J.: 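Would you mind keeping the following structure in view while I ask a few things?
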Protein chains: 2
Amino acid sequence: MKLTSKGRYAVMALVDLARFNNLNPVSLRDISLRQGISLDYLEQIFSKLRKKEIVQSVRGTQGGYVLSKKAKEIKLTNILDAVDEKVKTLQCKKESKKGCNGRSTKCLTHNLWDELENHINNFFEKKSLDDLVKDNTEKRV
Amino acid sequence: MKLTSKGRYAVMALVDLARFNNLNPVSLRDISLRQGISLDYLEQIFSKLRKKEIVQSVRGTQGGYVLSKKAKEIKLTNILDAVDEKVKTLQCKKESKKGCNGRSTKCLTHNLWDELENHINNFFEKKSLDDLVKDNTEKRV
DNA sequence: TATATACTTGACTAAATTAGTCAGGTTTAT
DNA sequence: ATAAACCTGACTAATTTAGTCAAGTATATA
Ligand code: FES
Ligand code: FES
């Protein structure tokens with residue numbers, strides 16, 4: 001059970017972006033340098049974030065990205081969803097009435113993993129980008 | 001973020017085993033047939049469970065496996081740990097004072113992922129094998 | 001208007017991980 | 001003796017991850 005670097009980087013980059021957001025667009029190059037993430041990889045990630053309307057792009061010199069909404073309105077769920085970092089604890093399709101391996105009934109652990117999935121998603125629903133920015137600025141005071 | 005089938009099968013197999021445990025040793029062949037898990041794969045899994053003293057083996061004809069402790073005393077944590085299904089949300093080494101990619105400070109998301117890891121592990125600490133067996137027998141009443 | 005900065009897109013790939021299989025044992029009840 | 005069942009280690013195909021690479025387009029500014 002591990003987090004992939006795509007999800008990790010997406011959040012990291014957005015926290016970085018959110019801290020500088022009110023001034024000017026933030027270029028991926030800056031984020032790349034500050035956070036030590038490959039520029040090419042960041043481009044892939046931001047392309048997805050843009051499609052899900054979490055960020056907006058500003059092209060040309062002095063361009064970059066800005067948040068599409070207020071940091072308080074962007075939940076961790078939204079970010080992870082945008083980059084396809086899904087929580088998948090069930091083996092079966094949740095909606096289907098069939099079990100794990102195409103069997104006719106749900107397996108002995110189905111309910112357990114379903115509960116776990118909810119438990120994790122609750123965590124992601126509660127955390128906003130704003131919370132994360134604050135977590136990191138408080139320490140500097 | 002997904003669960004591997006090794007972890008999934010380990011729990012599934014142990015719930016199956018626990019249900020028949022009081023009578024005789026349960027053979028992997030039976031578990032394999034009932035749960036639809038490859039016998040060879042089960043053997044790998046039970047070898048690990050045995051090394052961590054979650055099950056005991058009984059060799060020879062009519063042999064099989066029995067639980068080493070009471071189902072109430074076996075937590076999900078113990079099972080997942082035994083088969084190396086670890087929760088890993090942090091990129092850095094938790095103990096180290098260095099950050100993600102060997103940097104000198106912890107990254108912007110370190111605390112977040114640390115919190116998440118605890119959140120998930122709490123879930124695993126609370127659930128015992130006994131809970132899972134009961135979840136599945138209640139329904140039959 | 002030339003140029004440098006920065007976003008945009010899509011294809012490609014090396015490395016790691018997963019989810020098993022396979023072959024050859026050993027032990028023991030009947 | 002034999003069959004059931006555990007035991008061990010090596011091997012592999014498929015998938016996923018974590019990027020790289022190449023070839024653009026848009027725009028501020030000197
Ligand atoms: S996880 Fe849904 S049936 Fe097994
Ligand atoms: S996760 Fe620990 S420093 Fe980034």
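Naming: A, B, ... by sequence-line order, numbering from 1 per chain. These numbers come from a predicted model, not from an experiment.
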J.: Identify all side-chain donor-acceptor contacts of residues 45-53 of chain A below 3.5 Å with residues at least two apart in sequence or on another chain.
T.:
unit_1, atom_1, unit_2, atom_2, d
A:Lys48, NZ, A:Asp84, OD2, 2.8

J.: Return all side-chain donor-acceptor pairs below 3.5 angstrom for residues 58-67 of chain A, not counting sequence neighbours, or 'none' if the list is empty.
T.:
none

J.: Once salt bridge (Lys or Arg N to Asp or Glu O under 4.0 Å) is applied, do any residues pair with B:Asp16, and if so which ones, sequence neighbours excluded?
T.: B:Arg34
J.: Heavy atoms within less than 4.0 Å of DNA chain C: which residues of residues 34-47 of chain B have one? Give them sorted by number.
T.: B:Ser38, B:Asp40, B:Tyr41, B:Gln44
J.: Could you work out, with side-chain contact (heavy atoms from CB on, under 4.5 Å) as the rule, every residue matching A:Ser96, not counting sequence neighbours?
T.: A:Lys93, A:Lys98
J.: Please state how far atom NZ in A:Lys48 lies from atom P in C:dG10, giving the value in whole angstrom units.
T.: 12 Å
J.: The side chain of B:Thr4 lies closest to which of these nucleotides: D:dC7, C:dC7, C:dT18?
T.: C:dT18
J.: Could you tell me the separation between the CG atom of A:Leu17 and the P atom of C:dA6, rounded to a whole number of Å?
T.: 14 Å
J.: Please give, in whole Å, the distance from D:dA5 P to B:Asn24 CG?
T.: 11 Å
J.: Tell me, do B:Leu112 and A:Asp135 make a side-chain contact under 4.5 Å, heavy atoms counted?
T.: no
J.: Across the strands shown, which category fits B:Val26 at heavy-atom distances under 4.0 angstrom: base, sugar-phosphate, nothing?
T.: sugar-phosphate
J.: Please report, rounded to the nearest Å, how far the C1' atom of D:dT20 is from the CG atom of A:Leu28.
T.: 16 Å
J.: What residues in residues 78-95 of chain A put a non-hydrogen atom under 4.0 Å from any atom of DNA chain D?
T.: none
J.: May I have all residue pairs that pass ring-ring contact (aromatic ring centres under 6.0 Å, His included) and include part of residues 20-43 of chain B, sequence neighbours excluded?
T.: B:Tyr9-B:Tyr41
J.: Measuring to OP1 and OP2 of C:dC7, would you say a side-chain N or O of A:Arg50 lies under 4.0 angstrom away?
T.: no
J.: When you compare the protein's N or O atoms with those of nucleotides 25-30 of chain D, which come within less than 3.5 Å of each other, and at what distance?
T.:
unit_1, atom_1, unit_2, atom_2, d
D:dT25, O2, A:Arg59, NH2, 2.7
D:dA26, O4', A:Arg59, NE, 3.2
D:dA26, O4', A:Arg59, NH2, 3.4
D:dT27, O2, A:Thr61, OG1, 3.4
D:dA28, N3, A:Thr61, OG1, 3.3

J.: What residues, two or more places apart in sequence or in another chain, satisfy side-chain contact (heavy atoms from CB on, under 4.5 Å) together with A:Leu39?
T.: A:Leu28, A:Ser32, A:Glu43
J.: Distance check needed: D:dT16 P versus A:Leu3 CG, whole Å only.
T.: 17 Å
J.: May I have the list of side-chain donor-acceptor pairs in residues 113-133 of chain B shorter than 3.5 Å, sequence neighbours left out?
T.:
unit_1, atom_1, unit_2, atom_2, d
B:Trp113, NE1, B:Thr109, OG1, 3.2
B:Asp114, OD1, B:Lys94, NZ, 3.2
B:Glu115, OE1, A:Lys127, NZ, 3.1
B:Glu115, OE2, A:Lys127, NZ, 3.1
B:Glu117, OE1, B:Thr89, N, 3.2
B:Glu117, OE1, B:Thr89, OG1, 2.9
B:Asn118, ND2, B:Asp114, O, 3.4
B:His119, NE2, A:His119, O, 2.9
B:His119, NE2, A:His119, NE2, 3.3
B:Asn121, ND2, B:Glu117, O, 3.3
B:Asn122, ND2, B:Asn118, O, 3.4
B:Lys127, NZ, A:Glu115, OE1, 3.1
B:Lys127, NZ, A:Glu115, OE2, 3.2
B:Ser128, OG, B:Asp130, N, 3.3
B:Ser128, OG, B:Asp131, N, 3.2
B:Ser128, OG, B:Asp131, OD2, 3.3
B:Asp130, OD2, B:Lys134, NZ, 3.1
B:Asp131, OD2, B:Ser128, N, 2.9

J.: Looking at CD of A:Gln91 and NZ of A:Lys88, how far apart are the two atoms once the value is rounded to the nearest 0.5 Å?
T.: 6.5 Å
J.: Test of understanding: with side-chain hydrogen bond (donor to acceptor under 3.5 Å, both in side chains), list the residues that count as partners of B:Thr77, not counting sequence neighbours.
T.: none
J.: Give a yes/no answer on whether the side chain of B:Tyr9 brings an N or O atom under 4.0 Å of OP1 or OP2 in C:dA19.
T.: no
J.: Between A:Lys51 and A:Gly63, who's closer to the 5' end of DNA chain C by nearest nucleotide?
T.: A:Gly63
J.: For B:Glu85, give me all partners under side-chain hydrogen bond (donor to acceptor under 3.5 Å, both in side chains), at least two apart in sequence or on another chain.
T.: B:Thr4
J.: Nearest whole angstrom, please: distance from the P of C:dT5 to the CG of A:Asp30.
T.: 12 Å
J.: By nearest nucleotide on DNA chain D, pick out whichever of B:Tyr65 and A:Arg8 is the more 5' one.
T.: B:Tyr65
